[in-house]
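Okay, structure first, notes after.
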Amino acid sequence: MLDRALLRNNSDRVRAAAVNKGEPCPIDEWLELDERRRSLLGETEELRRRRNELSKEVSSLKKEGKEADARILESRETGEKIASFEKDLDATDARMSELELYFPNIPDPDVPLGSDETFNRIILTVEEKPSFDFKALPHWELLGELFDQKASGSIAGSNFILLRGWAAWLQRILINWMMDFHHRADMEEIWVPFLANRESMTSTGQIPKLEDDMYHIEKDDLFLVPTGEVPLTNLYRDSILQENDLPIRIFGYSPCFRREAGSYGKDTRGLNRVHQFEKVEMVQMVKPENSEATLEKMAVHVGEMLELLNLPYRISLLATGDLSFAAAKCYDFEVWSAGQEKWLEVSSVSNFRDFQSRRGGIRYRPAGGGKLQYVHTLNGSGLALPRIMAAIIENGQTESGKIMLPKVLAERTGIEILG
RNA sequence: GGAGAGGUGGCCGAGUAUGGCUUAAGGCGUACGCCUGCUAAGCGUAUGAGAUUAACGUCUCCGAGGGUUCAAAUCCCUCCCUCUCCGCCA
């Protein structure tokens, strides 16, 4: 959500941001309503002031034992007028609030301008791609029956994952390794609910835009979380923090549920695009002046993980058209997957500035006093499991179809080769 | 799912029986000042949020939403959440 003052005074910036992100922008309707609202508000407040005044007069007249019928009558008539004004005012305000949910966040000035991912700027490539003197296989062939699509299909449906044997084991130890890595970086581990309510989904920005991409439990009006970002960020919804509570640095594991409605094609093969995947997510809440530096630090942290896992990777600064609705700036991390011979997105690290904290009411009190400020929120995947699994399996394959584990995992588990 | 008790400013906590000097007491915390070799303590002052306005000011907010009333933190209805006990259950 954007500041109403910004919408009112910088409507051109809002309009430009929406165009660059490829989002609709109901700013003209909003501006009209804003005019109307302020005028209604003035009149309503004047009437309410009068009613308050009359109430006091009635009160003191009655105390003196005098009659107050004239005042009571006027107060009643004023009340009726107020009710009619309020009805109009409430409707106007409600419509404005509804529209405000549709304004996307404004991209940072250094975000490349462009309508889609072809405008993303690759800012770093750590490219020591493995080479094989045999034909490298994609992970689904290497996994074979350990990646049991027939079973997951019959249990849940297509594009759900069922892993067996060492494949299941690898995913579990990867999750543990990732979480321990964040632990050592001095973040607080959080175990979160995997379902979230409508308010939570609205504050992080999934609702209204992505509502149809989520699994929804109608009976309880709950959503299966599409990312750990939702419960982690909403941990501090509607709260006022002290300045020395900041920065808040938390992380947690969650499965991520996405309907992926309408996305079919070759990208859906294997572990690349599925309805439920596992992910470890980091969230930080910082003072506004620190969010840019924090974004860089989080990106470095994610890069370290990929280097430890010995995965070739590259970092893209997303262009405006590829930037998500709520983000102001985002780095995407992609790892090289040798069997498929392509880059797979495994992490997004984003700065949301005050966009989510406004929606969710996450503020802090500056140490020297003064007005409450909205925190800046950031999040980053650290990391998304299935594609990391795919890359580890494909990059570590041997001619005989076994998998060499990255050193860091081999040392941790005492197991060097899978399969 | 059933019964009971609760939800009031950053936090704690009065106020609800009897609607109207509540402009929400008091405390903690915080800020500033005073005082004391330093520190701690003590004393004094200030201190909720939001909307609107050039400003003064005005209005709104006591879990959420309705209702009654000239007037609602207070009375009525619906819902949500927390705690305790019971039921069910991994």
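Chain identifiers are assigned alphabetically (A, B, ...) following the order of the sequence lines, protein sequences preceding nucleic acid strands; residue numbering begins at 1 within each chain. Only a predicted model underlies this, so the values are computations on that prediction, with no experimental measurement involved.
- A:Gln356 and A:Thr204 are not linked by any side-chain donor-acceptor pair at a separation below 3.5 angstrom, with hydrogens and angles left out of the test.
- Between the CZ atom of A:Arg8 and the C1' atom of B:rU53 there is a distance of 11 Å, given to the nearest Å.
- Atom CZ of A:Arg164 has 12 or fewer heavy atoms from other residues, nucleotides or ligands within 6.0 Å.
- Between A:Gly42 and A:Asp90, it is A:Gly42 whose nearest contact on RNA chain B lies nearer the 5' terminus.
- Across the C1' atoms, B:rA5 and B:rA46 are found 38 Å apart, a figure rounded to whole Å.
- Remark: B:rU78 base-pairs with B:rA64. Criterion, Watson-Crick or G-U wobble with two distances under 3.5 Å.
- Protein atom CD of A:Glu43 is 14 Å distant from nucleotide atom P of B:rU53, rounded to whole Å.
- The nearest whole Å value for the distance from the CZ atom in A:Arg198 to the C1' atom in B:rA64 is 16 Å.
- B:rU78 sits 27 Å from B:rC88 when the C1' atoms are compared, rounded to a whole Å.
- Between A:Asp213 and A:Arg259 there is no salt bridge, since no side-chain N of the basic residue sits under 4.0 Å from a carboxylate O of the acidic one.
- Contact check, A:Arg365 against B:rA31: no side-chain N or O comes under 4.0 Å of OP1 or OP2.
- When all heavy atoms of A:Ala299 and A:Tyr331 are compared, the pair lying nearest together is CB-CD1, 4.1 Å.
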*When you look at A:Tyr253 and A:Trp191, which way does the ring-ring contact (aromatic ring centres under 6.0 Å, His included) test go after all the steps?*
CA-CA 7 Å; A:Tyr253 154 82; A:Trp191 195 274; 5.6 Å; yes

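- Applying the ring-ring contact (aromatic ring centres under 6.0 Å, His included) test to A:Phe181 and every residue at least two apart in sequence or in another chain returns A:Trp177, A:His301.
- Across all strands shown, B:rA41 has no partner, as no Watson-Crick or G-U wobble contact with both distances under 3.5 Å is found.
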*Taking it one step at a time, do A:Arg363 and A:Ser357 satisfy side chain to side chain donor-acceptor pair (under 3.5 Å)?*
CA-CA 7 Å; A:Arg363 294 173 295 175; A:Ser357 58; over 6 Å; no

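- Where A:Lys371 and A:Lys62 meet RNA chain B, the nucleotide closest to each residue was compared, and A:Lys371 sits on the side nearer the 5' end.
- Straight-line distance between the C1' atoms of B:rC34 and B:rG26: roughly 24 Å, to the nearest whole Å.
- Spacing of P atoms, B:rU74 relative to B:rU69, comes out at 16 Å, to the nearest Å.
- Annotation: side chain to side chain donor-acceptor pair (under 3.5 Å) contacts of A:Arg8 (sequence neighbours excluded): A:Asp34.
- In this structure, A:Gln242 places its CD atom 15 Å from P of B:rG9, rounding to the nearest Å.
- Partner assigned to B:rG20 is B:rC70, using Watson-Crick or G-U wobble distances below 3.5 angstrom.
- Only the P atoms considered, B:rC28 is 11 Å distant from B:rG44, to the nearest whole Å.
- Checking B:rC11 for Watson-Crick or G-U wobble geometry (two distances, each under 3.5 Å) identifies B:rG27 as its partner.
- Atom name P, nucleotides B:rG48 and B:rA25: the rounded distance is 10 Å, in whole Å.
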*asked:* So if I define the base as every atom that isn't primed, P, OP1 or OP2, how would nucleotides 54-63 of chain B read as a B/S/- string at a heavy-atom cutoff under 4.0 Å?
replied: ----BBS---

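- What separates CD1 of A:Ile72 from C1' of B:rA71 is a distance of 9 Å, to the nearest Å.
- When the C1' atom of B:rU53 is taken as reference, atom CZ of A:Arg37 falls 13 Å away, rounded to whole Å.
- Between B:rU30 and B:rA17, the distance separating the two P atoms is 37 Å to the nearest Å.
- Salt bridge status for A:Glu260 with A:Arg273: present, with a side-chain N to carboxylate O gap under 4.0 Å.
- Atom-to-atom, CG of A:Leu61 to C1' of B:rC21 comes out at 14 Å; the value is rounded to the nearest Å.
- Atom CD1 of A:Ile240 and atom C1' of B:rU8 are 15 Å apart (whole Å).
- Using a 4.0 Å heavy-atom cutoff across all strands shown, A:Leu372 reaches sugar-phosphate atoms only and no base atom.
- Checking B:rG1 for Watson-Crick or G-U wobble geometry (two distances, each under 3.5 Å) identifies B:rC86 as its partner.
- Annotation: B:rG63 and B:rG15 have their P atoms spaced 15 Å apart (nearest Å).
- A 3.5 Å limit on both hydrogen-bonding distances identifies B:rC59 as the Watson-Crick or G-U partner of B:rG50.
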